[in-house]
Amino acid sequence: MTEGAKMVQVSDRIQKVMDQFEIAGERMGCERYGSGHINDTFLLVYREGNEEKKYVLQRVNGEVFKDIDGLMGNISRVTRHLRKKIIAANGDPDRETLSFLLTKEGRSYYLENAQNAWRVSRFVTNASCYDVVKKPEDFYQSARAFGHFQRMLADYPAEELVETIPDFHNTPVRFETFKRAVLADVCHRAAECEAEIRFVMEREAEMGVIMELLQNKKMPYRVTHNDTKLNNVMIDDLSGEALCVIDLDTIMPGASVFDYGDSIRFGANTAEEDETDLTRVSLSLPLFEIYTKGFLEGCEGSLTPKEIEMLPMGAKLMTLECGLRFLTDYLQGDTYFKIQREKHNLDRCRTQFALVADMEAKWQQMQEIVQKYS
Ligand code: GN1
Ligand code: MG
């Protein structure tokens, strides 16, 4: 199919949305893009003279992100801060951070209706996002990038940021929501999930460990990304270096170990997030080590001894919390995460819990690896 033919298939709705933005050139194509569970993403191709230009069009899920003004405000403030840092380090701000196009009315997003806001960013060319670790080097690069991202935001005034999803990584709050979902059992699915529910209940005592350290000021609040999946970093196709951290919707004050932990959860798993054969799920210690090294290098010595000590716990709690969220969504009727098949959220929950169990088995080795780089 030619690019032109793809363009013909664009729905009237998308066409109308694209019309709201100030985008130069001739429209050549539009196709679905990426593998996010929340927003809808499209790749737009335009031609200006002989040059092809690409953009990313996104529908921000208004059910999940209730304060679009706050969210886009966060992103523009944070990217402005990052641009300054990148320029000061002789980097290329157009490739190393996201930039958004304005609508014809000069706004950073187009509000289609209360539930649907749309935005357009420049596509970072000659760079890729990966859903699985194909080369350990890519994972190492992502680790450095997320560590460095946090480092660049260390002097950003966190109080200026809106909490786009309150209590996003507050595991005890997630646990309370889960317990209510079990009790309500609106879809009559709790009986089927007995083993998973028990798995969660057996770990109740650990749920609050990180939040308690933050609340008791034993660990600092930092500006964190909070959704540090490998596919949220763009890797330069030529140099192989991590270029740009994307998906900035959940930048909020948080713990450094959230970012570290969520990356381990996703990237150091030997299987995909929705693998149905649980014998394939495990924590890869070599990948765990590579990420630990890269993340600490990226943080450039800025983590406190307590934060470093809690890295394994961050990995475990982010994995447990994510499994808990998938399970809660399954119990509530799959209203939050997009699913592609029946029981998709239950499958995702099971991989997360299998990974938690494997982390528990490898706890000692995880601690030793972290100590080696501290
Ligand atoms: C969601 O949108 P996406 O796919 O990057 C979710 C994360 C989960 C992740 C699980 C706003 O991220 O918190 O860890 O799915 N984002 C939101 O894959 O809830
Ligand atoms: Mg994403």
Side-chain angles (χ1 to χ4, degrees), residues 21 31-45 53-61 64-65 68 71-83 85-86 91-101 108-109 117-134 138-153 156 161 164-165 168 223-252 254 258-260 262-263 265-267 273 291 294-295 298 338:
F21 288 87
E31 58 194 64
R32 280 222 171 240
Y33 191 72
S35 52
H37 297 341
I38 309 292
N39 296 332
D40 293 328
T41 309
F42 303 85
L43 180 68
L44 308 182
V45 184
K53 296 224 164 132
K54 291 182 178 167
Y55 301 91
V56 175
L57 169 70
Q58 254 189 336
R59 182 187 75 88
V60 182
N61 184 332
V64 170
F65 297 105
I68 180 72
L71 182 149
M72 290 307 287
N74 276 3
I75 294 182
S76 47
R77 279 193 289 269
V78 163
T79 50
R80 206 179 308 136
H81 184 89
L82 293 174
R83 287 181 87 83
K85 297 263 159 152
I86 293 164
D92 177 351
D94 292 332
R95 278 172 69 68
E96 293 173 36
T97 189
L98 290 181
S99 56
F100 289 85
L101 267 61
S108 60
Y109 62 90
W118 295 81
R119 65 186 173 202
V120 175
S121 58
R122 288 187 186 81
F123 182 78
V124 181
T125 49
N126 303 320
S128 310
C129 294
Y130 298 104
D131 282 326
V132 285
V133 176
K134 293 203 180 87
D138 290 341
F139 197 43
Y140 170 72
Q141 285 294 329
S142 78
R144 284 190 64 116
F146 282 126
H148 186 58
F149 182 83
Q150 213 173 85
R151 184 79 188 111
M152 285 194 291
L153 290 169
Y156 185 86
L161 292 176
T164 53
I165 302 180
F168 192 59
V223 177
T224 48
H225 180 280
N226 297 304
D227 186 9
T228 51
K229 296 201 277 197
L230 175 67
N231 60 19
N232 282 334
V233 171
M234 301 207 74
I235 310 243
D236 191 304
D237 292 338
L238 262 183
S239 71
E241 283 176 19
L243 198 61
C244 181
V245 169
I246 60 170
D247 197 348
L248 307 178
D249 298 330
T250 50
I251 293 179
M252 285 179 274
F258 294 162
D259 282 1
Y260 169 87
D262 197 53
S263 287
R265 170 191 82 74
F266 190 82
E273 194 181 61
Y291 193 93
F295 188 77
K338 284 187 214 164

Check whether any side-chain N or O of [X] sits under 3.5 Å from a backbone N or O of [Y] as a donor-acceptor pair, and report yes or no.
X: Asp227; Y: Thr250; answer: no
X: Ser99; Y: Asp94; answer: no
X: Asn39; Y: Asn61; answer: yes
X: Thr97; Y: Pro93; answer: no
X: His225; Y: Ile246; answer: yes
X: Asp237; Y: Ala127; answer: yes
X: Arg265; Y: Lys229; answer: no
X: Thr164; Y: Leu71; answer: no

- Item | Non-neighbouring partners of Asp259 that pass salt bridge (charged side-chain N to carboxylate O under 4.0 Å, His left out), sequence neighbours left out | none

Any side-chain heavy atom of [X] within less than 4.5 Å of one from [Y]?
X: Thr41; Y: Val56; value: yes
X: Val233; Y: Asp138; value: no
X: Leu82; Y: Phe149; value: yes
X: Arg122; Y: Tyr55; value: yes
X: Leu98; Y: Ile75; value: no
X: Ser263; Y: Phe146; value: yes
X: Glu96; Y: Val124; value: no
X: His37; Y: Glu273; value: yes

Looking at [atom1] of [X] and [atom2] of [Y], how far apart are the two atoms once the value is rounded to the nearest 0.5 Å?
X: His148; Y: Arg151; atom1: NE2; atom2: CZ; result: 9.5 Å
X: Met252; Y: Leu161; atom1: CE; atom2: CG; result: 9.5 Å
X: His81; Y: Ile86; atom1: NE2; atom2: CD1; result: 10.0 Å
X: Leu248; Y: Phe100; atom1: CG; atom2: CZ; result: 6.5 Å
X: Phe295; Y: Arg144; atom1: CZ; atom2: CZ; result: 12.5 Å
X: Ile235; Y: Asn126; atom1: CD1; atom2: CG; result: 14.0 Å

- Message: Just by distance, no angles: are the side chains of Ser35 and Asp131 close enough, under 3.5 Å, to form a donor-acceptor pair?
- Response: yes

- Task: Please state whether the rings of Tyr291 and Phe139 are parallel, tilted or perpendicular, taking 30° and 60° as the class boundaries.
- Result: tilted

How far apart are the closest heavy atoms of [X] and [Y], and which atoms are they?
X: Ala242; Y: Ser142; answer: CB-N, 4.4 Å
X: Trp118; Y: Phe42; answer: CZ3-CE1, 3.8 Å
X: Phe266; Y: Leu230; answer: CD2-N, 3.6 Å

- Identified side chain to side chain contact (heavy atoms under 4.5 Å, CB included) counterpart of Asp262 within the set Thr228, Asn226, Thr224: Thr228

- Item | side chain to side chain contact (heavy atoms under 4.5 Å, CB included) assessment of Val60 paired with Tyr109 | CA-CA 10 Å; Val60 182; Tyr109 62 90; over 6 Å; no

- Query: Can a salt bridge be assigned to the pair Asp40 and Arg32 using a cut-off of 4.0 Å between side-chain N and carboxylate O?
  - Reply: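 Looking at Arg32 together with Asp40, the answer is yes, because their closest N to O distance falls below 4.0 Å.
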
